[in-house]
Amino acid sequence: MMFKGYPQFENFYKNGVYLDNAATSYPKPQCVIKSINDYILYNGVSSSRGAYKKAMEADYMVYETRKWIGELFNHKKPSDIVFTSGITEALNGIMCGMLKEGDHVVTSSIEHNAVWRCLKTLERDRNISITNVEITKEGITNPNDVEKNIQQNTKLIVFNHASNVIGTIQPIREIGAIAKQHGIPFLVDAAQSAGMLPIDMEDDNISILAFTGHKGLLAPSGTGGFVLNWDGDIKAWKSGGTGGNSADPYMSEITPNKYEAGTMNMVGISGLHASIRYLLDVGVDKIHNNEKEVIAYALEKLESIDGIRVFGTKDPEKMVGSIAITIDGIDSGKGGSLLDKKYNIMVRSGIHCAPMLHKIMGTDKNGAIRIGIGYTTTKEEIDYLIYALEELLKGELA
Ligand SMILES: Cc1ncc(COP(=O)(O)O)c(C=O)c1O
């Protein structure tokens, strides 16, 4: 394909432009690929299972990954960092492990299904009650509205840190302070913020931070977990081998073993080991500032196109790199598919596992197109997207 006046777009057309980082980050840093490769080639053994040298090296890698995750989120105790298959397992496990019949939960009205479906299932099966706190027009929760909705039986406040659709950042520090004042645990879904925004367990008043490895943390899928900064009761949601006290018929009460039944995802953790080190070395602040520039650029360009509607705050200071748009007269599913077929641009169309938010946006029927900016996204790639959207609006692609 020829791009008159834009020869630099040829490469983008040939190699593709990945703008689906809110789903999963791509590409991963070279050090992550090397670490996974080295683990498989030169180590390849289980952790917490053997007493031979290689097993101890594997143990140390897991320990160091916990320690570095603690550094990233300012939590001192590596044994409070629990690995799961991802944030979906972490959130489900925590909420199912702590909520009982008659408990009340305060949450936002824009949660991802990993929180929302889990709460709805507990409402149906365990008779818990849920209050969804309304968002402002910008897509942000007012912390006062959280406080107003606390009841005597409120046993949990759970919020996403940043929206996976419109990117808006919630005031977790203020919400956490309210939770603390009322003695209620505060669970944060950091799927869209870990590795992209600085997070401090102490300053942000977080009781439990759930994270996923494969998005901003730049590790492979199948990794994630939570950081426990709360000493209340969370029942283990699975039983199995942990490599210790094998004659005990029940799971150990000691964290992290209590929640880590079964052989760990060592290949994934070897990737996480390298990616967390990478983030600590580069600095989340730096990544955040770079992304903010590209987000600001994308917002300005998108908003200048007649026929494109941008949802959410539109303020790069208040969001991460998820931008939801609709295109006048073009179904979002079709628009996304045309961007891929004709321009090799990868975005995600639909309702992005966030049905409540799409209802608020009025896009629950036709969905939206989500542009997922990541740590490698450039302004030139945004120019290419803008070019393609303008062609689409001219009817050039239909
Ligand atoms: C806000 C939010 N929470 C939870 C999840 C679930 O993440 P995972 O599929 O890695 O478990 C996602 C993934 O898109 C998300 O964006």
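Remember, it's 1-based here, ligands and their atoms both numbered in the order they're listed. Position 1 is the first residue of the sequence; numbering continues from there.
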Asker: Is it true that Glu89 lies under 4.0 Å from ligand 1, counting heavy atoms only?
Answerer: no
Asker: If I take atom OH from residue Tyr52 and atom CD from residue Glu57, how far apart are they, to the nearest 0.5 angstrom?
Answerer: 10.5 Å
Asker: Out of Val165, Leu357, Thr326, Thr168, which residue meets the side chain to side chain contact (heavy atoms under 4.5 Å, CB included) rule with Phe311?
Answerer: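 The residue from Val165, Leu357, Thr326, Thr168 that satisfies side chain to side chain contact (heavy atoms under 4.5 Å, CB included) with Phe311 turns out to be Thr326.
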Asker: Among all protein heavy atoms, pick the one closest to atom 13 (C) of ligand 1 and tell me residue, atom and distance.
Answerer: Lys215 NZ, 2.7 Å
Asker: Mind checking whether Phe9 and Tyr387 have ring centres under 6.0 Å apart?
Answerer: yes
Asker: Heavy-atom pairs closer than 4.0 Å: do any link ligand 1 to the side chain of His214, the backbone, both, or neither?
Answerer: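 Looking at His214 and ligand 1, just side chain atoms fall under 4.0 Å.
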Asker: I need the contact type for Asp189 against ligand 1. Using non-hydrogen atoms and a strict under-4.0 Å cut-off, is it side chain, backbone, both or neither?
Answerer: side chain
Asker: Considering the heavy atoms of Thr212, write down every atom of ligand 1 situated less than 4.0 Å from one of them.
Answerer: 8 (P), 10 (O)
Asker: Please find out if less than 6.0 Å separates the ring center of Tyr6 from that of Phe3.
Answerer: no
Asker: Which atoms of ligand 1 have any heavy atom of Thr88 under 4.0 Å away?
Answerer: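 It comes down to these atoms of ligand 1: 6 (C), 7 (O), 8 (P), 9 (O), 11 (O).
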Asker: Salt bridge or not between Glu123 and Lys120? Use side-chain N to carboxylate O under 4.0 Å.
Answerer: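 Result for this pair is yes, salt bridge flagged.
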Asker: Find all atoms of ligand 1 within a distance of less than 4.0 Å from any non-hydrogen atom belonging to Ala191, and give their numbers and elements.
Answerer: 1 (C), 2 (C), 3 (N), 4 (C), 5 (C), 12 (C), 15 (C)
Asker: If the cut-off is 4.0 Å to any non-hydrogen atom of Ala114, which atoms of ligand 1 fall inside it?
Answerer: 4 (C)
